[in-house]
Structures are given as C-alpha cells and as structure tokens.
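Everything below concerns the one structure shown next.
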Amino acid sequence: MNAMGGISRRTLLQMGGLMGMGALATTALAACAPQKSADGAGALADTAGASVQDGPFAVPESMLQPEPITEFAETHDYDVVVVGAGLAGLSAVHTALEGGARVACVQNTAEMSTSGNMGGAIDLTTTSPAAVQACLSFLMEKSDYRSDRRLLNVWAQNSQEALAWWAEAAAAEGVESVPYESALHVHGYDVNLVANTYFHVKGSNNTAATAIKDGLAKQGAEFFFAMPAVQLRMEDGAVTGVICENESGEAVCFNASKGVILCTGDYSGNTPMREYLCPDLKGLNPSMESRDGSGLMMGIWAGAVMEPPCHAKMVHEGAKARVDVPFLNINQQGERFMCEGPMRTAYLNNFQRQLLADNGYENANAGRFFSILPGNWRQFAEEWIAEDPLAFSITGGAGDIQDSDLISAETIEDLVAAINAFKDEKKWDTPAIDAAAVKATVERYNELCAAGADDDFGKEARYLVPIDNGPYFAVARGGLSVPAILGGLIIDENGQCLNEDQQPIAGLFAAGNASGPFFGGVDYPLDVLGLSVGRAITTGYVTGAYVAAL
C-alpha cells in the first residue's frame with residue numbers, strides 16, 4: 001500500500017491531523033458578484049425571466065437565475081450533500097463520512113468524471129517550515145499575488161495527509177499509484193514534493209476515483225449519477241439542500257442538515273459563460289464539456305461571490321514531445337514571432353492568441369507553431385535545464401525524448417517539407433509553410449546569434465544558439481486544450497462560501513476548482529508538480545471534515 005514520501009496517513013494524523021481547520025475567516029479580496037437589489041437578491045436574480053440584451057458584455061442566458069423550484073417528485077434527507085463526484089467531491093465524501101455524517105453525492109454525468117494524472121503535496125517530514133512558506137510565496141508570485149495565502153497554507157499543511165489517504169483508498173480497491181518525488185529550490189530553500197501518479201493506469205485518475213467511489217459506497221455513502229444539480233434550496237438565507245433533475249426530468253430534493261459542498265469543477269465546458277468571463281480563451285477547445293459552471297452559478301444565486309477575473313487558465317499541450325527550451329520558434333507563415341526565453345507549456349496560449357484571431361478563431365490549429373532545433377540541440381537543452389529547471393524542461397527529462405520522436409531532415413528545405421507532411425497527416429487544414437520564408441527566418445536568426453544581440457525580440461544572449469548544423473529538427477508546439485479555468489467561489493480556509501460582505505453563508509461550502517482564490521494571474525503555474533489535483537483532493541478532504549464537525 002502506497003504512502004506519501006515514505007510516511008503513512010496514520011502517522012500524519014499523529015503529527016497533528018487537519019492543520020488547516022482554523023477559525024472562520026474573511027477575505028479582503030474584492031468580489032465579482034452581482035450587485036444586490038433593494039430586496040437583497042443578486043442582480044442576476046433581477047433578470048430572471050427577462051430577455052438577454054445584445055452586445056459583447058451581455059450576460060449569457062445560462063447565467064440568469066431561474067424561478068425557484070418548489071415541487072418535488074422525491075425528497076431525500078442527509079446530513080451532507082456533495083455535488084460532484086470528482087477528486088474534490090470524493091475527498092469531501094470521505095471526510096464527511098468519517099466524521100459520522102450521512103452523506104449523498106450527486107453527479108451530473110452517468111459515470112465518474114475526473115481529470116489529471118498526478119496529485120502533488122509538500123513532504124512535511126523533510127521540508128522545513130521556512131521552505132514551506134517559501135513555496136507559498138513562490139506560488140503567490142506565480143499567481144500575481146492574487147491568491148489567498150490562507151488557502152495555499154491549507155493545501156501545504158494538509159496535502160500530504162490527503163494524498164496519502166487517496167493512494168491508500170485506491171490501493172484498497174486494487175488500483176495502485178506510483179510515488180513520485182521532486183524538489184524545488186526557491187528563495188534559497190529546498191522544497192521537497194511528493195506525488196501520487198497514475199500515468200501507468202488506463203483511465204488514470206478516473207480509474208482510481210472509480211475505485212475510491214466503490215470503497216466509499218461500501219462505507220455507507222450514497223451516490224446518484226445522471227442526477228444534475230440545478231438549484232440550491234434556501235431557507236432564511238441559509239442553504240438547506242440541493243435540487244436535482246432525474247433522467248425523467250423530475251425535480252428531486254436532497255435535504256442537507258449540515259451543509260452542501262459544491263465540488264462541481266469549473267466552467268470551461270460552458271462556451272457562453274467561458275466567453276463572458278474568460279474571453280481570452282476564445283478559439284481553444286475545452287477538455288470536458290461536463291464542466292458546465294452550473295455549480296458556480298447555483299452558488300452565486302444563493303449569495304456567494306466569484307473571485308474576480310482574470311481567472312487563471314489551465315492549458316495543456318497535446319504534443320508527444322514537449323521541448324520547452326529556447327531555440328527558434330516559427331509560426332505557420334514561416335516567421336519568428338516571439339522571444340523564446342523561459343516559457344513553459346502553461347503560457348503558450350498567450351502566444352497563440354493573435355494567431356487564432358488572425359484566422360477568425362475558426363481553426364484551433366491556426367495557433368500551432370514549430371520549434372526549430374540544430375543537430376546539437378540536446379547539449380544546450382541539458383545545460384539550460386540544469387541551470388534553471390523551473391524555467392525549462394523536456395517532458396520526462398532530456399534522456400527520455402529520442403531524436404526519432406521529432407521531425408527531422410538534413411537541410412532546412414527538407415525540414416519544411418517534412419513539417420508540411422506532418423501537418424497534412426494530422427489534418428490541420430492550414431496552408432503549407434513556405435520553405436523560402438523559413439530559410440530567410442533562419443538566416444536572420446543566425447545573424448542575430450553571431451552578433452550576440454537579439455535586435456528583433458531581445459532574447460537573452462546566452463540562449464542565442466544558431467541553427468547552423470544538421471541534421472535539423474522540428475517540434476510541433478501548441479495544440480492546446482483547456483482542462484480547467486481556475487476561478488471559483490470565494491471561500492474561507494474551512495471551505496465555507498462567503499457573501500459580498502465577506503461573511504460565511506450558512507450551509508454552503510465549495511472545494512476544488514469550484515472554490516478560490518487559490519490560483520491567480522493569467523495562467524496556471526505548472527512549476528509545482530500535480531498542484532491542481534493535489535489541491536482539489538486536499539480542499540475536499542479538509543472541507544468535508546469541517547462540515548461533518550458542524
């Protein structure tokens with residue numbers, strides 16, 4: 001049975017248990033919620049039943065508050081109702097169940113729905129308190145200081161315990177994880193990270209989640225699939241349950257005497273909502289249509305507020321070989337278009353946005369581009385990664401990518417022909433790249449390298465390596481998908497949703513990507529391994545325990 005960093009969950013419990021369970025707190029962040037009307041309801045509530053105005057800032061119809069549902073085909077009574085059977089939801093079910101609560105979990109899809117292959121944690125047994133705090137400061141910097149540090153601290157102090165439980169619970173049902181260790185050196189401190197990985201398992205975390213669900217069901221949790229939640233039930237300003245719709249279209253009420261925990265994920269699968277709240281993702285495809293933002297809207301209709309945009313975007317590159325090292329990058333017009341400095345996969349969407357716009361957002365492949373590498377590329381890549389592993393990487397390490405994984409040719413002209421053949425094979429439906437344009441771009445780039453100064457984009461001189469010896473290589477970049485948009489309902493460190501006055505809403509909680517502000521800034525930082533999955537499991541774990549204790 002796996003443990004995190006060589007330590008079991010039982011040992012971690014003996015070290016202090018759920019350290020993030022502090023007193024209720026408020027957050028000073030500005031709210032991005034609808035303004036209250038005279039009767040105390042949100043502005044979106046005032047638009048119920050009204051037509052949607054035209055224009056670029058029109059509120060999508062799916063975000064308008066519906067009329068309250070008051071008649072039910074069925075009613076069920078529980079202590080805790082968890083909405084969403086993903087990573088955060090299962091973790092919340094577990095700790096609520098462990099706390100003695102009678103728990104139901106409702107899920108909008110007919111089966112489990114999770115994403116991610118790795119959940120990360122800080123190894124508290126080998127990382128000093130100062131290093132833990134340095135890691136949090138590093139994440140604050142990566143998030144443009146928009147995170148609530150108290151939420152980061154909940155993850156830091158509880159992630160190892162939460163992921164130890166996840167690994168043990170999955171293993172008990174026959175799905176073993178593989179432990180993975182990594183380290184960061186930030187602010188002069190060494191931060192030791194541990195993770196559960198499921199890359200070796202068909203279905204990845206979804207397989208582990210299904211196994212954990214089966215184990216929780218044996219312990220008494222009740223799961224209701226194909227049961228999408230549509231509204232929260234309110235009494236005197238408190239959330240007392242959740243109203244769902246069964247497969248026959250009938251309303252089913254799940255009462256929750258202690259609280260409802262929204263673990264519904266983000267809104268990346270809701271195109272109107274995504275374009276309204278996060279328009280700079282236009283042209284990129286969501287990974288999961290089931291992440292429809294309904295949980296976020298239910299929370300807002302109940303008085304919760306959403307963290308203010310801009311919401312951090314999680315984007316992933318679909319390339320087999322990711323070579324995040326600063327050689328020459330060209331677009332599909334054969335032109336250099338960027339400064340190829342420290343640039344991880346998470347930030348590629350910012351360089352593709354204009355390419356997508358130039359194509360009218362009609363073809364996501366228009367944003368793809370190519371890295372052009374010289375024959376001795378690996379020598380430089382390994383040196384750069386050794387100097388700054390936070391800035392550069394090659395997926396799996398430099399030794400794991402073979403030259404045969406890359407597009408290659410003996411001349412630049414033949415390399416362009418091979419690139420065009422690659423595009424045709426992948427059915428990108430974009431014009432062929434002109435070999436003469438690429439040749440001119442390479443010649444200009446080599447001139448800049450020889451001069452030791454990048455007059456075109458200002459790249460640091462030590463990364464100016466000429467493309468002047470064959471065989472030449474190309475790496476297809478881009479092909480981005482959007483697994484998540486990381487902007488959720490504002491919570492305190494117990495997971496309780498806050499209203500626009502920064503006061504907790506009785507009976508309403510959120511965890512995972514339905515909550516925040518944990519991430520911030522423009523993009524999701526990939527620099528801490530498995531952060532999103534580890535954070536989802538941890539927040540559900542802590543919040544479920546808190547609700548059960550009420």
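Along the sequence shown, residues carry numbers from 1. Heavy atoms only: backbone and side chains are in, while hydrogens, waters and symmetry mates are out.
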Step-by-step side-chain contact (heavy atoms from CB on, under 4.5 Å) determination, Ile491 to Phe509: CA-CA 7 Å; Ile491 61 170; Phe509 303 82; over 6 Å; no
Stepwise side-chain contact (heavy atoms from CB on, under 4.5 Å) test for Trp301 and Leu296: CA-CA 9 Å; Trp301 298 334; Leu296 300 171; over 6 Å; no
Check against side-chain contact (heavy atoms from CB on, under 4.5 Å), Met227 and Asn246: CA-CA 5 Å; Met227 187 71 75; Asn246 64 19; 4.0 Å; yes
Salt bridge (charged side-chain N to carboxylate O under 4.0 Å, His left out) for Asp280 and Lys313? Distances and angles first, verdict last. CA-CA 9 Å; Asp280 53 355; Lys313 296 167 287 297; 3.2 Å; yes
Quick one: do Asn359 and Leu355 satisfy side-chain contact (heavy atoms from CB on, under 4.5 Å)? Show the steps, please. CA-CA 7 Å; Asn359 194 60; Leu355 302 176; over 6 Å; no
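Residue pairs satisfying the salt bridge (Lys or Arg N to Asp or Glu O under 4.0 Å) criterion with at least one member in residues 208-218, sequence neighbours excluded, are listed as follows: Glu173-Lys218.
For the pairing with Arg233, the side chain to side chain donor-acceptor pair (under 3.5 Å) check across Asn255, Thr240, Thr70 returns one residue only, Asn255. For the side-chain contact (heavy atoms from CB on, under 4.5 Å) with Leu508, the lone residue among Asn499, Leu232, Leu498 that qualifies is Leu232. Between Val547 and the options Val81, Asn494, Val542, Ile261, a side-chain contact (heavy atoms from CB on, under 4.5 Å) holds for only Ile261.
For an aromatic pair to be called close, the ring centres must be under 6.0 Å apart, and Phe254 with Phe224 satisfies this.
A donor-acceptor contact shorter than 3.5 Å is absent between the side chain of Thr264 and the backbone of Gly84. With hydrogens and angles ignored, the 3.5 Å screen pairs no side-chain donor or acceptor of Ser113 with any backbone N or O of Thr109. Without hydrogens or angle criteria, Asn270 side chain to Asp292 main chain gives a donor-acceptor distance under 3.5 Å. In this structure, the side chain of Gln332 engages the main chain of Arg368 through a donor-acceptor pair within 3.5 Å. A side-chain donor-acceptor contact under 3.5 Å links Thr539 to the backbone of Gly512. Judged by distance alone, with hydrogens and angles left aside, the side-chain atoms of Asn363 form a donor-acceptor pair with the main-chain N or O of Trp428 at under 3.5 Å. Side chain of Asn153 to backbone of Ala156: no donor-acceptor contact under 3.5 angstrom is found. In terms of modelled atom types and a separation under 3.5 Å, the side chain of Ser147 and the main chain of Arg149 share no donor-acceptor contact. Counting only distance, with no hydrogens or angles, the side chain of Arg102 and the backbone of Leu97 share no donor-acceptor pair below 3.5 Å. Under the 3.5 Å distance criterion, the side-chain polar atoms of Gln231 are matched with a main-chain donor or acceptor of Ile69.
Between Leu489 and Val305 the shortest side-chain heavy-atom distance does not fall below 4.5 Å. Side chains of Glu307 and Phe519 form no contact here, defined as non-hydrogen atoms less than 4.5 Å apart. Put simply, the side chain of Met297 reaches to within 4.5 Å of the side chain of Met273, judged on heavy atoms. Taking 4.5 Å as the limit, every side-chain heavy atom of Glu61 sits out of range of all side-chain heavy atoms of Pro272. When side chains are defined from C-beta on, Tyr180 does not count as touching Val194, because their heavy atoms never get closer than 4.5 Å. Within the 4.5 Å cutoff, no side-chain heavy atoms of Asp266 are placed close to those of Leu486. In this structure the side chain of Tyr78 never reaches within 4.5 angstrom of the side chain of Val103, judged on heavy atoms. Side-chain contact between Leu531 and Leu139 is present, with heavy atoms from C-beta onward closer than 4.5 Å.
The residues Arg477 and Asp324 are annotated as salt-bridged, a charged nitrogen and a carboxylate oxygen being separated by less than 4.0 angstrom. Ion pairing between a basic and an acidic side chain is recognised when a charged N comes within 4.0 Å of a carboxylate O; Arg146 and Asp144 show no such pairing.
Atom CE of Met140 sits about 8.0 Å away from atom CG of Asp148, to the nearest 0.5 Å. Atom CZ of Arg150 and atom CZ of Phe518 lie 14.0 Å apart (nearest 0.5 Å). We find the CG-CZ distance between Leu163 and Arg535 to be 13.5 Å, quoted to the nearest 0.5 Å. The line from CG of Leu136 to CD of Glu141 is 11.0 Å long, rounded to the nearest 0.5 Å. Atom OG of Ser137 and atom OH of Tyr145 lie 8.0 Å apart (nearest 0.5 Å). The structure places CZ of Phe351 at 10.0 Å from CZ of Arg353, a figure rounded to the nearest 0.5 Å.
For the residue pair Ser257/Asp79, the side-chain donor-acceptor check at 3.5 Å is satisfied. Side-chain polar atoms of Thr538 and Asn158 form no donor-acceptor pair below 3.5 angstrom. No side-chain donor from either of Glu176 and Tyr198 sits under 3.5 Å from a side-chain acceptor of the other.
Nearest heavy-atom pair across Leu90 and Ala85 is CG-O, 4.0 Å. Residue Asn513 comes nearest to Ala484 through the heavy atom pair ND2-CB, 3.7 Å, listed as atom of the first residue, atom of the second, then distance. When all heavy atoms of Ala101 and Val80 are compared, the closest pair comes out as CB-CG2, 3.9 Å. Gly367 approaches Leu356 most closely through the heavy-atom pair N-CD2, 3.8 Å. Heavy-atom minimum distance, Val239 versus Ala302: CG2-CB, 4.2 Å. Residues Gly120 and Ser159 come closest through the heavy atom pair O-CB, 4.2 Å.
Between His94 and Tyr541, the ring-plane angle classifies as parallel under the 30° and 60° cut-offs. Using the six-membered ring where Trp is involved, Phe223 and Phe225 have ring planes that are parallel, under 30° apart on the 30 and 60° scheme.
For Asp429, there are no side chain to side chain donor-acceptor pair (under 3.5 Å) partners at least two apart in sequence or on another chain.
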